[in-house]
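See structure below.
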Amino acid sequence: MTAHSIRSTHTNALAALAINMFQVILMIGVFYVMLTFLGLHRAAVRGDFLLYVMSGIFVFMTNVKAMGAVIGSSGPSHPMMQHAPMNTFVAFVSAALASLYIQMLSIVVVLTIYHIGFKPVEIDQPVWALVMILLAWFNGASTGLIFLAMKPWFPQFTSIAQKIYTRANMFASGKMFLANSAPSYLIAIFIWNPLFHIVDQIRGFIFINYAPHYTNWMYPLLASFVFMLLGLMGENYSRKHVSASWAARQ
């Protein structure tokens, strides 16, 4: 099912990877130009500015793609559920794993191209940086699970809420600024967001000159477990009550 989820995005697996890489590179380019014109280049952490931009984009894209994959996975009324070994748990787990595979492959390829063609990539603590990428994926999948549980009951509201959440995280994730240098009122607004903590933490593990003071990685981990528990409970309830006629009336 994971392989099927990967191939379902495009008939050609290389094309699916290329499309995702193009989205990542395009977002990196847009934010690089925007931050440069806004004069935030000097406010960034001491080190490679483009790697600073990429760190936030990688976390954001991994989180959003995982959430979207889980929300778009096969529901209880999908024809695939007619096969006895198949269930919704397998569907959303495989969709999340497929998203992680594509994102990790894209990150490795983009960093390799940048390392070979432009500037050597130096990461202070690469293992912990990878853990933060996995945490961003886990948080996105857990959040998507809550939306997935709501989807059969409120399909239009769920779609709108997902878009609002994604657009809000374009800024609320904190990928455009450093938490240590941000004013206190801005930190108070975004400190609730688990993605804000993950972005700030990964920059602490990537750059030797940056040590996060206002964030930690335990909060997004515990929040993700809570989201996962609530999402599993909601999905289990929805699966038992959903009917094929619900989809027919949409």
Side-chain angles (χ1 to χ4, degrees), residues 14 16-69 99-141 166-182 190 193-212 214-215 217 220:
L14 291 177
L17 175 63
I19 292 172
N20 192 81
M21 283 181 53
F22 176 74
Q23 292 175 344
V24 173
I25 294 174
L26 180 63
M27 185 169 287
I28 291 172
V30 169
F31 273 88
Y32 180 83
V33 173
M34 184 174 64
L35 293 177
T36 301
F37 275 100
L38 289 176
L40 298 178
H41 191 289
R42 297 179 179 178
V45 65
R46 287 182 297 168
D48 190 346
F49 179 67
L50 192 55
L51 186 60
Y52 164 82
V53 175
M54 286 192 290
S55 62
I57 298 299
F58 289 158
V59 170
F60 173 76
M61 290 293 290
T62 302
N63 182 272
V64 169
K65 291 289 186 179
M67 182 180 67
S99 170
L100 177 64
Y101 172 80
I102 292 292
Q103 291 305 312
M104 291 301 299
L105 200 56
S106 299
I107 291 172
V108 170
V109 172
V110 170
L111 287 179
T112 301
I113 293 174
Y114 182 64
H115 179 80
I116 296 175
F118 298 93
K119 187 177 181 180
V121 175
E122 297 181 3
I123 299 177
D124 182 37
Q125 301 182 54
V127 175
W128 277 102
L130 176 60
V131 171
M132 292 301 103
I133 293 290
L134 296 177
L135 182 56
W137 166 79
F138 179 55
N139 178 259
T166 303
R167 299 297 184 272
N169 265 333
M170 289 287 289
F171 182 69
S173 60
K175 60 179 177 291
M176 294 191 295
F177 57 88
L178 291 175
N180 286 5
S181 58
F190 298 141
N193 191 356
L195 200 57
F196 177 78
H197 290 256
I198 299 173
V199 170
D200 195 53
Q201 285 293 308
I202 195 173
R203 285 170 175 164
F205 293 126
I206 291 177
F207 298 101
I208 194 172
N209 297 315
Y210 183 69
Y214 300 103
T215 61
W217 57 267

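When reading the values below, keep in mind they use all heavy atoms of this one structure, side chains included, and skip hydrogens, waters and symmetry mates.
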Is there a donor-acceptor pair closer than 3.5 Å between any side-chain N or O of [X] and the backbone N or O of [Y]?
X    : Y    : result
Q201 : P212 : no
N180 : A211 : yes
R203 : S55  : no

Reported [atom1]-to-[atom2] distance for the pair [X] and [Y], which is rounded to 0.5 angstrom:
X    : Y    : atom1 : atom2 : answer
S106 : Y101 : OG    : OH    : 10.0 Å
N63  : N139 : CG    : CG    : 5.0 Å
M54  : I57  : CE    : CD1   : 10.5 Å
N193 : F171 : CG    : CZ    : 11.5 Å
I198 : I202 : CD1   : CD1   : 9.0 Å
F205 : Y210 : CZ    : OH    : 11.5 Å

Please table the atom pairs, donor to acceptor, closer than 3.5 Å between any side-chain atom in residues 123-136 and protein atoms at least two apart or in another chain.
none

Would you mind reporting whether [Y] and [X] have side-chain heavy atoms less than 4.5 Å apart?
X    : Y    : result
Y214 : D200 : no
M21  : V109 : yes
F60  : V199 : no
Y114 : V121 : yes

Evaluate whether atom CG of L26 has more than 12 neighbouring non-hydrogen atoms of other residues, nucleotides or ligands under 6.0 angstrom away.
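Correct, the count exceeds 12.
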I'd like to know whether CD of Q23 has more than 12 heavy-atom contacts from other residues, nucleotides or ligands below 6.0 angstrom.
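Result for CD/Q23: enclosed.
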Please step through side-chain contact (heavy atoms from CB on, under 4.5 Å) for the pair L111 and F58, ending with a clear verdict.
CA-CA 11 Å; L111 287 179; F58 289 158; 3.8 Å; yes
Over all atoms of both residues, closest heavy-atom pair of A66 and S99:
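Distance-wise, the nearest heavy atoms are N-OG, 3.3 Å.
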Evaluate the side-chain contact (heavy atoms from CB on, under 4.5 Å) criterion for residues K119 and L51: first the C-alpha distance (whole Å), next the side-chain angles of each, then the deciding distance (0.1 Å), finally the verdict.
CA-CA 10 Å; K119 187 177 181 180; L51 186 60; over 6 Å; no
